[in-house]
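Below is one structure, written out as C-alpha cells; comments come after it.
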Amino acid sequence: MVVAEGRNVTLRCAATGSPAPNITWRREDGQLIHLGSGEKVATVEGSSFSLTKVDRLHMGSYLCIASNGVPPSVSKRIMLTVHFPPMIWVQNQLVGAREGQRLTLECSSEAFPKSINYWTRDKDKIVPQGGKYEPVLVDNAYKIQMRLTISSVSPSDYGSYKCVSRNSLGDTDGSIKVYPISSSNSNDSTNYKGKLRHNSGNDILEGNRDMLKEQDLKLRGRKEHGGDVTDYDESSANSNGSSLLLVVLVALCLCLHHHPQMRTLHPA
C-alpha cells in the first residue's frame with residue numbers, strides 16, 4: 001500500500017477455514033500501532049482496520065495473522081509506504097573553528113521516496129568529495145544523517161554551507177555558517193601592552209613606552225648648553241625653588257620693619 005502523507009488508508013485481509021478463523025493485526029517490528037484517535041495499541045482485531053491522516057511513523061510492515069485453533073496459524077505481510085517531501089533539521093547553524101582544526105558539520109534529513117543528498121558552498125557550488133572534504137551519509141529507512149568533515153580548516157573554508165535533500169516530491173536545504181575563532185594568545189594583544197595597576201585612585205597603564213615618555217617630558221625640564229641637552233633632577237629643582245621663596249619672604253619682612261610708613265604704631 002502506497003499513500004501520501006496526510007491521507008487515510010484502510011488495510012484489509014480475508015481468511016477462510018473451519019472453524020472460521022480470527023484475524024489479528026500487528027506490526028512486524030513490534031512497535032505500537034497509531035490509531036486515528038491518538039490511541040496506541042499492540043494489536044487490532046478484525047479483517048480490516050483504518051488509519052486516518054497517516055504520517056511517516058505509520059510506515060512499515062503489518063502482519064495479518066489468521067488462526068482458528070487448528071495449527072498452524074497463517075499470516076500475510078502488507079507493507080505500508082508513506083510518501084512525503086524532504087525535511088531537514090540542523091542542530092547548530094553557527095559553528096566556530098580555528099585554522100588547522102578538524103571540523104564536522106551535521107544535518108538530519110527525512111524523505112520518501114529516497115532522497116538525493118549533497119552539500120553545497122557559497123553560490124550553490126557542490127562540495128566535491130575527496131581531498132580535505134569527507135561527506136558521509138548514514139541511511140536508516142527514510143531517515144538520513146548527513147555529515148561533512150573538513151580535515152584541516154583553512155581561511156578559504158569559512159563561510160556558508162548548505163545540506164540539500166531532494167526527491168520527486170520536492171527539495172529543501174539547511175544552512176550552516178562557519179566562522180573563524182582566533183587563537184588563545186590573541187586575547188593577550190591590546191592597544192596598550194602592559195598590566196593595569198592602581199595608584200592614588202588613578203588607573204595607570206604600565207608598559208607603553210610612548211605614554212611613559214609623554215608623561216616624563218611633562219615632569220622633567222631640559223636646558224641647552226652648547227648644543228648639549230642636560231636634564232636637571234626634579235628634587236633639586238624643588239629644593240632650589242623652596243630656598244628662593246624663603247629668601248624673598250625674609251627680605252619682605254625686613255622691608256616692612258624698616259619702612260616708616262609701614263610700621264604699626266603701638267600706644268605707650
Side-chain angles (χ1 to χ4, degrees), residues 1-9 27-34 36 38 40 51-62 79-184 186-187:
M1 296 287 295
V2 178
V3 62
E5 193 171 41
R7 299 292 184 86
N8 302 332
V9 65
R27 291 194 60 151
E28 188 176 30
D29 55 12
Q31 297 185 23
L32 298 179
I33 298 174
H34 297 243
K40 299 179 182 179
L51 299 171
T52 59
K53 295 183 179 180
V54 296
D55 58 28
R56 62 203 69 183
L57 297 178
H58 290 105
M59 188 184 304
S61 297
Y62 293 79
M79 180 66 188
L80 177 62
T81 301
V82 180
H83 284 186
F84 57 94
M87 300 182 68
I88 279 183
W89 292 266
V90 179
Q91 184 175 2
N92 298 316
Q93 293 184 320
L94 195 60
V95 179
R98 296 182 177 88
E99 290 188 28
Q101 175 184 343
R102 183 180 178 87
L103 179 65
T104 299
L105 308 178
E106 295 189 14
C107 291
S108 298
S109 171
E110 294 184 3
F112 203 89
K114 194 172 181 179
S115 59
I116 298 174
N117 300 274
Y118 55 92
W119 291 85
T120 65
R121 286 219 49 190
D122 303 315
K123 298 181 180 179
D124 296 331
K125 294 182 179 179
I126 297 178
V127 177
Q129 185 172 3
K132 66 188 301 184
Y133 299 107
E134 303 172 14
V136 176
L137 299 178
V138 181
D139 194 347
N140 180 17
Y142 59 87
K143 298 180 180 181
I144 295 179
Q145 190 73 18
M146 302 175 61
R147 297 190 185 98
L148 177 65
T149 300
I150 305 174
S151 58
S152 180
V153 176
S154 63
S156 61
D157 296 319
Y158 297 122
S160 296
Y161 292 78
K162 286 183 180 180
C163 47
V164 182
S165 181
R166 185 190 306 268
N167 70 1
S168 59
L169 301 178
D171 62 83
T172 187
D173 60 67
S175 179
I176 300 177
K177 184 174 182 180
V178 179
Y179 66 92
I181 297 179
S182 57
S183 57
S184 58
S186 64
N187 295 330

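The shown structure was predicted, so the numbers you read here are calculated from the model rather than taken from an experiment.
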Taking [Y]'s backbone N and O only, do any of them form a donor-acceptor pair with [X]'s side chain (distance below 3.5 Å, no angle check)?
| X | Y | value |
| --- | --- | --- |
| Y158 | V153 | no |
| E5 | R56 | yes |
| H58 | H34 | yes |

Would you be so kind as to tabulate the donor-acceptor pairs closer than 3.5 Å made by side chains of residues 130-140, with sequence neighbours excluded?
from, atom 1, to, atom 2, distance (Å)
K132, NZ, S152, O, 3.2
K132, NZ, S154, OG, 3.1
K132, NZ, D157, OD2, 2.6
Y133, OH, D157, OD1, 2.6
D139, OD2, K114, NZ, 2.8

Minimum side-chain heavy-atom gap [X]-[Y] below 4.5 Å:
| X | Y | result |
| --- | --- | --- |
| T172 | P85 | no |
| V178 | I150 | no |
| W89 | M87 | yes |
| V3 | V82 | yes |
| S61 | M79 | yes |
| S115 | S109 | yes |

Please determine whether side chain to side chain contact (heavy atoms under 4.5 Å, CB included) holds for the pair I33 and Y62, giving the CA-CA distance in whole Å, both sets of side-chain angles, and the decisive distance to 0.1 Å.
CA-CA 9 Å; I33 298 174; Y62 293 79; 4.2 Å; yes

Rounded to the nearest 0.5 Å, what separates atom NZ in K177 from atom CG in N92?
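Rounded to the nearest 0.5 Å, the NZ-CG separation comes to 15.5 Å.
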
How long is the span from the CG atom in D173 to the CH2 atom in W119, to the nearest 0.5 Å?
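Result: 11.0 Å between the selected atoms.
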
Under the side chain to side chain contact (heavy atoms under 4.5 Å, CB included) rule, what do T81 and H83 come out as? Steps first, then yes or no, please.
CA-CA 7 Å; T81 301; H83 284 186; 3.8 Å; yes

Salt bridge (charged side-chain N to carboxylate O under 4.0 Å, His left out) pairs, two or more places apart, involving residues 140-154
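Residue pairs passing salt bridge (charged side-chain N to carboxylate O under 4.0 Å, His left out), neighbours aside: E106-R147.
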
Please lay out, stage by stage, how L105 and L103 fare under the test side chain to side chain contact (heavy atoms under 4.5 Å, CB included).
CA-CA 7 Å; L105 308 178; L103 179 65; 4.0 Å; yes

Does a side chain donor of either S165 or N117 reach within less than 3.5 Å of an acceptor in the other side chain?
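Present: a donor and an acceptor within the cut-off.
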
For Y142, check side-chain hydrogen bond (donor to acceptor under 3.5 Å, both in side chains) against everything at least two apart and list the hits.
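side-chain hydrogen bond (donor to acceptor under 3.5 Å, both in side chains) list for Y142, sorted by chain: empty.
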
